[in-house]
Amino acid sequence: MTLPLVSTLVTPPVNEVELLARASALAGYTLGELATHAGLVLPANLKRDKGWIGVLLERYLGASAGSKPEQDFADIGVELKTIPVDSAGRPLETTFVCVAPLTGNSGVTWETSHVRYKLARVLWIPVEGSRDIPLAARRVGTPLLWSPDAQEELRLKQDWEELMDLIVLGQVEKITARHGEVLQLRPKAANSRALTAAIGEFGQPIMTLPRGFYLKKTFTGPLLARHFLI
DNA sequence: GCCTGATCATTG
DNA sequence: CAATGATCAGGC
């Protein structure tokens, strides 16, 4: 077996076929093998390197690095998501989608939302995530190129509209992770002291904890399972 | 602080 | 013991 080229030599994929071929070539390798081959130092665990796996796979696949609010493969309209799974392929964590806009939302619709944009086309790469497997021994799984079907998009749209209505109406601080069936709103910040502008209950400006949209496991689980059962 | 990449760890 | 709320790292 031959490992794919290291990240520094990887240019962005020109189409989905090439991207999927690159991702498929990683399936079966351990994170230790991929780290060594890329000349990266594997952290002991993910406590202080929570996004490490995502960055590693970005480099192998030729994703445009950086912190731009764009898709990872903007040229071909694809977002990359690594997702930790258990031995049965079920997700171990929710999936962050994007930061939630808490101000300037007049006229924003589902059709023009960042959530819809980010989820329009996603390359899911499951990675063994059980904490009792040492990071170096965790294996990369089979990738899945996905777009929401009509039913999935409807459920996302309904949750997004419910959450955005609350945000616009000054109820952001009343929203908990229990709102929404498949999409939830949770803190997304450096810590609980971080603040960003939002709208208060009387329509006045307030400062509150930054929030992000996350996909619940009840959404990503069946999505992954459907693929691997077919 | 904002946005990217997410997982951690306390709690119900 | 799953899920919610909190947190970690890095670039700009």
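Heavy atoms only: backbone and side chains are in, while hydrogens, waters and symmetry mates are out. What you see is a predicted model, and the numbers here were worked out from it, not measured in a lab. Reminder, nothing fancy here: chain letters follow the sequence lines and each chain counts from 1.
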- prompt: Measuring from Q158(A):CD to L163(A):CG, what's the distance to the nearest 0.5 Å?
  reply: 12.0 Å
field: More than 12 heavy atoms from other groups under 6.0 Å of CD on E161(A)
entry: yes
task: Take atom CD of E58(A) and atom C1' of dA6(B), then tell me their distance rounded to the nearest Å.
output: 11 Å
field: Inter-end axis angle, the helix from dG1(B)-dC12(C) to dG12(B)-dC1(C), with every axis fitted to five base pairs (rounded, 10 degrees)
entry: 30°
- request: Check DNA chain B against residues 83-112 of chain A and give the residues with a non-hydrogen atom under 4.0 Å, in numerical order.
  value: P84(A), E93(A), T94(A), F96(A), V99(A)
- request: May I ask you to test the L215(A)-T94(A) pair for a side-chain heavy-atom distance under 4.5 Å?
  value: no
Main-chain N/O of L61(A) paired to R22(A) side chain as donor or acceptor, under 3.5 Å: yes
task: Evaluate the ring planes of W146(A) and F219(A), with Trp represented by its six-membered ring, and classify them as parallel (under 30°), tilted (30 to 60°) or perpendicular (over 60°).
output: perpendicular
- request: Step through the shown structure and confirm whether more than 12 heavy atoms of other residues, nucleotides or ligands are within 6.0 Å of NE2 on H114(A).
  value: no
Considering only nitrogen or oxygen atoms on both sides, find all protein atoms under 3.5 Å from nucleotides 10-12 of chain B and state each distance.
none

query: In whole angstroms, how far is the P atom of dA6(B) from the CZ atom of R211(A)?
result: 22 Å
task: For residues F213(A) and D159(A), determine if any side-chain heavy atom of one lies less than 4.5 Å from a side-chain heavy atom of the other.
output: no
- prompt: Separation of Q184(A) atom CD from dG5(C) atom C1', in whole Å?
  reply: 10 Å
Tabulated below should be each protein N or O lying under 3.5 Å from an N or O of nucleotides 6-8 of chain C; please produce it.
residue: dT7(C); atom: OP2; partner: S192(A); partner atom: N; Å: 2.6
residue: dT7(C); atom: OP2; partner: S192(A); partner atom: OG; Å: 2.8
residue: dT7(C); atom: O2; partner: K50(A); partner atom: NZ; Å: 2.5
residue: dT7(C); atom: O4; partner: A189(A); partner atom: N; Å: 3.3
residue: dT7(C); atom: O4; partner: A189(A); partner atom: O; Å: 3.4
residue: dC8(C); atom: O3'; partner: R48(A); partner atom: NH1; Å: 3.4

- request: Round to the nearest Å and state the distance from K216(A) atom NZ to dT4(C) atom C1'.
  value: 10 Å
message: Distance check needed: dT4(C) C1' versus L185(A) CG, whole Å only.
response: 12 Å
- prompt: Taking the side chain as C-beta and beyond, is there a heavy-atom pair between E58(A) and L80(A) under 4.5 Å?
  reply: yes
- prompt: Is R138(A) reaching over with its side chain to a backbone N or O of I133(A), donor-acceptor style, under 3.5 angstrom?
  reply: yes
message: Show, in sequence, the C-alpha distance, side-chain angles and deciding distance for E153(A) and R116(A), and conclude whether the salt bridge (charged side-chain N to carboxylate O under 4.0 Å, His left out) test is met.
response: CA-CA 8 Å; E153(A) 175 153 353; R116(A) 183 169 181 270; 2.9 Å; yes
- request: Would you jot down, in residue-number order, the residues of residues 162-177 of chain A having a non-hydrogen atom under 4.0 Å from DNA chain C?
  value: T176(A), A177(A)
query: N15(A) versus E18(A): any side-chain heavy-atom pair under 4.5 Å?
result: yes
- prompt: What's the verdict on side chain to side chain contact (heavy atoms under 4.5 Å, CB included) for L145(A) and E16(A), showing C-alpha distance, side-chain angles and the deciding distance?
  reply: CA-CA 8 Å; L145(A) 200 46; E16(A) 289 188 348; 3.5 Å; yes
- prompt: Any chance the side chains of R90(A) and S87(A) put a donor and an acceptor closer than 3.5 Å?
  reply: no
- request: Could you state the atom-to-atom distance from CG of L31(A) to C1' of dG5(B) in whole Å?
  value: 15 Å
- request: Could you check whether E79(A) gets within reach of a base, just the sugar-phosphate, or nothing at all, counting any heavy atom under 4.0 Å?
  value: sugar-phosphate
- request: Take atom CG of L56(A) and atom C1' of dT4(B), then tell me their distance rounded to the nearest Å.
  value: 16 Å
query: Taking atom types as modelled, is there a side-chain donor on R121(A) or S147(A) under 3.5 Å from an acceptor on the other?
result: yes
- prompt: Is the CD atom of Q204(A) crowded by more than 12 outside heavy atoms at less than 6.0 Å?
  reply: yes
Euclidean distance, atom CG of residue N45(A) to atom C1' of dA6(B) [Å, nearest integer]: 14 Å
message: Going by side-chain contact (heavy atoms from CB on, under 4.5 Å), name the residues that satisfy it together with T109(A), two or more places apart in sequence or in a different chain.
response: E111(A), T112(A)
